[in-house]
S.K.: 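Questions regarding the structure given below will be posed in turn.
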Amino acid sequence: MNTEKATPGRHFIRQIIDEDNRTGKWGGRVVTRFPPEPNGYLHIGHAKSVCLNFGMAREYGGVCHLRMDDTNPVKEEMEYIEAITEDVRWLGFDWGEHFYYASDYFEQMYEYAVELIKQGKAYVCALSSEEWKEYRGVPERPGRESPHRNRPVDENLDLFARMRAGEFPNGSLVLRAKMDMASPNLHMRDLVLYRILHARHPHTGDLWCIYPTYDYAHCLEDSIEGITHSICTLEFEVHRPPYDWILDQLGIHHPQQIEFARLNLTYTVMSKRKLLELVKEKHVQGWDDPRLPTVRGLRRRGVTPASIRNFCERVGVTKYDSLTDVALLEHCIREDLNKQAPRALAVLNPVKLVIENYPEDAEENFEAVNNPEDPSAGTRKIPFCRELYIDRDDFMEDPPPKYFRLAPGREVRLRYAGLVTCTDVAKDAATGEIREIRCRWDPDSRGGAAPDGRKVKGTIHWVSARHAGDAEVRLYDRLFTVEEPDAEADYRAHLNPDSLKTVAAKVEPALMEAGPGTHWQFERVGYFYADHVDSRAGSPVFNRTLPLRDSWAKSRERSAER
RNA sequence: UGCCGGAUGGUGUAAUGGUAGCACAGCAGACUCUGGAUCUGUGAGUCUAGGUUCGAAUCCUAGUCCGGCAACCA
């Protein structure tokens with residue numbers, strides 16, 4: 001367990017900050033921001049960015065702002081603003097009083113635009129978007145100047161004011177920066193600063209009918225907030241020149257934009273479009289479906305914030321567009337849950353086991369350890385009687401070599417209870433299905449110890465038929481059957497048909513009281529989460545977070561391949 | 001075909017001119033009242049070709065391959 005707090009890698013962003021601090025570039029200040037557009041739910045890729053931005057601020061004694069980048073009212077909604085805020089907080093980060101809306105700066109941005117016009121650096125253009133496509137041209141050759149490029153300043157000022165006043169319909173005019181029509185970077189070819197959008201904004205309401213574009217707005221948001229390190233993903237690299245250009249023209253505080261590679265994970269998709277399709281087309285049950293890589297999905301799956309943070313630290317930060325094996329995430333989840341989750345006994349696929357030499361009317365309690373990784377978690381009593389349930393997988397009539405569990409004539413340990421030997425098995429005459437397994441137990445092994453020190457390889461879990469509760473258990477598996485669904489012609493053709501199986505389980509009494517939102521390890525089975533949406537007192541619903549590592553199953557798979 | 005970025009074991013990352021290291025995954029073993037956890041061991045890598053240098057993953061040159069960019073999205 002030496003993974004925790006291993007020396008954090010000096011990734012390139014840390015190196016930049018170190019260098020800035022050394023030269024005194026920002027006077028030792030570190031101000032970052034996480035600027036989501038409130039048009040969708042956060043996923044684990046966003047979580048990487050959240051961890052990076054808040055993480056750097058925390059590490060260097062700075063601050064990180066949470067800012068809604070709400071410059072496009074037709075796509076953004078209040079619902080998302082609340083969800084994002086909640087998710088960032090759930091991930092374990094605190095922005096203090098630094099919660100902002102880009103839209104709060106609209107007036108200031110407008111004034112800066114007027115200034116650019118006065119400087120002769122911006123003009124009102126009447127070209128339609130189709131016409132502009134023509135003028136802008138292709139990367140290989142310079143574009144042509146807009147016929148409105150040299151409109152007099154006064155006229156620009158007048159038109160821009162009237163755009164704001166609502167005199168023109170959507171799309172009729174835009175405000176453009178006068179940059180460089182010959183630039184090989186298309187984003188430097190007189191990009192649009194403002195467009196007309198007669199739309200109600202979730203935060204500013206009907207105050208505006210012109211809205212700034214990303215390129216214009218983002219650098220100003222960063223500048224106004226005094227951001228020092230503006231961290232974003234690789235695809236914004238080509239937007240850095242306009243970012244720098246605008247701030248240079250205005251001569252205002254100029255943060256440094258730094259790009260890093262976004263997170264990609266195997267066996268899932270991460271794009272907003274695909275996530276939306278999965279939800280809309282009902283391939284999953286909602287944005288918080290435990291099979292989704294959304295923050296809410298992971299939460300409902302039973303993934304802890306700590307394991308997500310640890311994972312984000314361990315994937316590192318580079319400019320290389322990589323595909324991270326989901327096994328690393330799973331490792332981080334198990335590592336955390338192994339330490340935290342109390343153990344319990346639950347039988348997912350029950351079959352009855354009768355102990356012939358245990359009296360019908362008797363019962364007793366055995367003491368079980370709550371968490372072998374954490375002695376302070378204490379112990380609990382689990383009831384035992386003549387009739388139990390065990391898992392069907394733990395019995396085989398004709399077992400293969402190295403099968404340590406129950407079989408005719410074989411002895412196994414019932415976890416915490418004692419040793420039993422299988423004497424007989426009753427089957428359904430018609431189907432051949434096993435109805436009941438009969439055993440005799442060794443009273444000297446009461447509690448589980450082998451009385452004479454004899455070796456009993458197998459230990460299986462069980463619940464008392466008389467005392468067991470019924471619980472719905474949802475067995476989740478990866479959503480896709482291929483490592484890289486994004487690389488497929490139609491990612492939907494590779495959905496895993498078995499990504500969810502629901503079973504009726506028999507569980508020990510302690511689990512019937514499991515509070516919604518609690519994490520458990522069902523011994524020998526996996527980690528489970530008492531669903532905070534569907535679980536009710538007395539009728540718990542458990543979502544499987546992950547199965548336990550299973551070297552037996554693995555060796556079976558291997559021999560099956562041969 | 002223009003510009004920008006990138007390339008280290010299967011995967012992710014470190015080494016910033018001086019022994020290519022770590023983690024995940026894999027394999028083998030030890031231990032175990034969870035076939036869990038833990039512990040030990042182990043295979044596997046610098047895109048290619050030149051050059052500079054006592055010495056190159058690192059610097060230079062040329063090439064190869066991969067990603068991004070042509071919304072009035074962010």
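In this text the structure is predicted, and so the values were computed from the model without any measurement.
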S.K.: What nucleic acid atoms does A:P372 come within less than 4.0 Å of, heavy atoms only: base, sugar-phosphate, or nothing?
M.R.: base
S.K.: Name every residue in residues 179-196 of chain A that has at least one heavy atom under 4.0 Å from any atom of RNA chain B, in order of residue number, or write none if there are no such residues.
M.R.: A:P184, A:L186, A:H187, A:V192, A:R195
S.K.: Work out which heavy atom in A:Y211 is nearest to a heavy atom in A:H201; give both atom names and the distance.
M.R.: OH-CB, 3.5 Å
S.K.: Mind checking side chain to side chain donor-acceptor pair (under 3.5 Å) for A:H187 and listing every partner two or more places apart, or none if nothing turns up?
M.R.: none
S.K.: Taking the C1' atom of each, how far is B:C31 from B:A37, in whole Å?
M.R.: 11 Å
S.K.: Do the ring centers of A:F528 and A:F522 come within less than 6.0 Å of each other?
M.R.: yes
S.K.: Does A:H519 reach the side chain of A:Y527, with side-chain heavy atoms less than 4.5 Å apart?
M.R.: no
S.K.: If I pick the C1' atom on B:C3 and the same atom on B:U16, what distance separates them, to the nearest angstrom?
M.R.: 27 Å
S.K.: Convert the base pairs of RNA chain B into dot-bracket notation, remembering that pairs crossing earlier ones are written with [ ] and that bases paired across to another strand are shown as |; include only Watson-Crick or G-U pairs under 3.5 Å.
M.R.: .((((((..((((....[..)))).(((((.......)))))....(((((..]....))))))))))).....
S.K.: Select base, sugar-phosphate, or nothing to describe what A:L175 touches, counting heavy atoms under 4.0 Å on all strands.
M.R.: nothing
S.K.: Could you give the CD-to-P distance, from A:E523 to B:G35, as a whole number of Å?
M.R.: 9 Å
S.K.: Using a heavy-atom distance cut-off of less than 4.0 Å, which residues of residues 40-49 of chain A contact RNA chain B?
M.R.: none
S.K.: Restricting both atoms to N or O, compile the protein contacts to nucleotides 41-43 of chain B shorter than 3.5 Å, with distance only.
M.R.:
none

S.K.: Starting at atom CD of A:Q257, determine the distance to atom C1' of B:C4, rounded to an integer number of angstrom.
M.R.: 12 Å
S.K.: Within the 4.0 Å heavy-atom criterion, would you say A:Y416 contacts the bases, only the backbone, or no part of the nucleic acid?
M.R.: base
S.K.: How close do A:L263 and A:M270 get, counting heavy atoms only, and between which atoms?
M.R.: O-CE, 3.6 Å
S.K.: Has the side chain of A:E235 got a donor or acceptor that lies under 3.5 Å from a partner of the other kind on the base of B:G5?
M.R.: no
S.K.: Would you measure the distance from the C1' atom in B:C66 across to the matching atom in B:C47 and give it in whole Å?
M.R.: 11 Å
S.K.: Expressed as a whole number of Å, how far does the P atom of B:U58 sit from that of B:G6?
M.R.: 15 Å
S.K.: Pick the P atom in B:A70 and in B:G12, then give their distance to the nearest Å.
M.R.: 26 Å
S.K.: Verify the stacking flag for A:W552 against B:G35: centroid separation must be under 5.5 angstrom and the ring planes must differ by under 30 degrees.
M.R.: yes
S.K.: Say you draw a straight line from CG of A:L191 to CD1 of A:I246; how long is it, rounded to the nearest 0.5 Å?
M.R.: 5.5 Å
S.K.: Can you confirm whether the side chains of A:H148 and A:N156 place a donor and an acceptor under 3.5 Å from each other?
M.R.: no
S.K.: Polar pairs (N or O, both sides) under 3.5 Å between protein and nucleotides 16-18 of chain B?
M.R.:
from, atom 1, to, atom 2, distance (Å)
B:U16, N3, A:Q15, OE1, 3.4
B:U16, O4, A:Q15, OE1, 2.9
B:U16, O4, A:Q15, NE2, 2.5

S.K.: Reckon A:T213 touches a base, only the sugar-phosphate, or nothing at all at heavy-atom distances under 4.0 Å?
M.R.: sugar-phosphate
S.K.: Could you list the residues that satisfy salt bridge (charged side-chain N to carboxylate O under 4.0 Å, His left out) with A:E364, not counting sequence neighbours?
M.R.: A:R446
S.K.: Not counting sequence neighbours, which residues clear salt bridge (charged side-chain N to carboxylate O under 4.0 Å, His left out) with A:R549? List them please.
M.R.: none
S.K.: Please walk me through it: do A:Y243 and A:H239 pass ring-ring contact (aromatic ring centres under 6.0 Å, His included)?
M.R.: CA-CA 6 Å; A:Y243 184 106; A:H239 295 258; over 10 Å; no
S.K.: Step by step, work out the salt bridge (charged side-chain N to carboxylate O under 4.0 Å, His left out) result for A:D18 and A:R10.
M.R.: CA-CA 10 Å; A:D18 287 342; A:R10 305 313 294 173; 2.9 Å; yes
S.K.: In whole Å, measure the gap between the C1' atoms of B:G21 and B:A30 for me.
M.R.: 26 Å
S.K.: Evaluate the side-chain proximity of A:I17 to A:R14: yes if any heavy-atom separation is below 4.5 Å, no if none is.
M.R.: no
S.K.: Not counting sequence neighbours, which residues clear salt bridge (charged side-chain N to carboxylate O under 4.0 Å, His left out) with A:E483? List them please.
M.R.: none
S.K.: Considering only atom P, compute the distance from B:U40 to B:A23 and round it to an integer number of Å.
M.R.: 10 Å
S.K.: Mind telling me whether B:A71 is syn or anti, cutoff 90° either side of 0?
M.R.: syn
S.K.: So what does A:K272 hit on the nucleic acid, given a heavy-atom distance under 4.0 Å: a base, only sugar-phosphate, or nothing?
M.R.: nothing
S.K.: Reading nucleotides 6-12 of chain B 5' to 3', which nucleotides get B (base under 4.0 Å from a protein heavy atom), which S (sugar-phosphate only), which -?
M.R.: SS---SS
S.K.: Quick one: label A:Q521 by what it contacts on the DNA or RNA (base, sugar-phosphate, nothing), any heavy atom closer than 4.0 Å.
M.R.: base
S.K.: Could you tell me whether A:E134 atom CD has more than 12 heavy atoms of other residues or ligands within 6.0 Å of it?
M.R.: no
S.K.: Looking at every strand, decide which applies to A:R343 at a 4.0 Å heavy-atom threshold: base, sugar-phosphate, or nothing.
M.R.: base
S.K.: The side chain of A:A327 lies closest to which of these nucleotides: B:A37, B:C24, B:A70?
M.R.: B:C24
S.K.: Quick one: list whatever passes salt bridge (charged side-chain N to carboxylate O under 4.0 Å, His left out) with A:R415, sequence neighbours left out.
M.R.: A:E523
S.K.: Supply the atom-to-atom distance A:N371 CG to A:T379 OG1, rounded to the nearest 0.5 angstrom.
M.R.: 12.5 Å
S.K.: Just to be sure I understand the rule, does A:T266 reach a base, reach only the sugar-phosphate, or reach nothing, if contact means heavy atoms closer than 4.0 Å?
M.R.: nothing
S.K.: Could you tell me if the ring centre of A:Y80 sits under 6.0 Å from that of A:Y41?
M.R.: yes
S.K.: Is there a side chain to side chain contact (heavy atoms under 4.5 Å, CB included) between A:D486 and A:K274? Walk through the geometry before answering.
M.R.: CA-CA 9 Å; A:D486 282 328; A:K274 289 175 182 169; 2.7 Å; yes
S.K.: Could you work out, with side chain to side chain contact (heavy atoms under 4.5 Å, CB included) as the rule, every residue matching A:A510, not counting sequence neighbours?
M.R.: A:R380, A:E508
S.K.: Taking the C1' atom of each, how far is B:U46 from B:A14, in whole Å?
M.R.: 12 Å
S.K.: Run A:H203 and A:M68 through side chain to side chain contact (heavy atoms under 4.5 Å, CB included) and show every step you take.
M.R.: CA-CA 10 Å; A:H203 186 60; A:M68 296 299 151; over 6 Å; no
S.K.: Nearest to the side chain of A:H331, heavy atoms from C-beta on, is which of B:A74, B:A28, B:A25?
M.R.: B:A25
S.K.: Answer with base, sugar-phosphate or nothing: what part of the nucleic acid does A:Y403 contact at a heavy-atom distance below 4.0 Å?
M.R.: base
S.K.: For B:G35, does the base pair up with any side-chain atom of A:R405 as donor and acceptor (N or O, under 3.5 Å, distance only)?
M.R.: yes
S.K.: Describe the nucleic acid contact of A:A261 in one word from base, sugar-phosphate, nothing, applying a heavy-atom distance below 4.0 Å.
M.R.: nothing
S.K.: Check every strand shown and say whether A:R549 touches a base, only sugar-phosphate, or nothing at a heavy-atom separation below 4.0 Å.
M.R.: sugar-phosphate
S.K.: So, applying side chain to side chain donor-acceptor pair (under 3.5 Å) with A:D190, which one of A:K178, A:R176, A:R136, A:R149 is it?
M.R.: A:R149
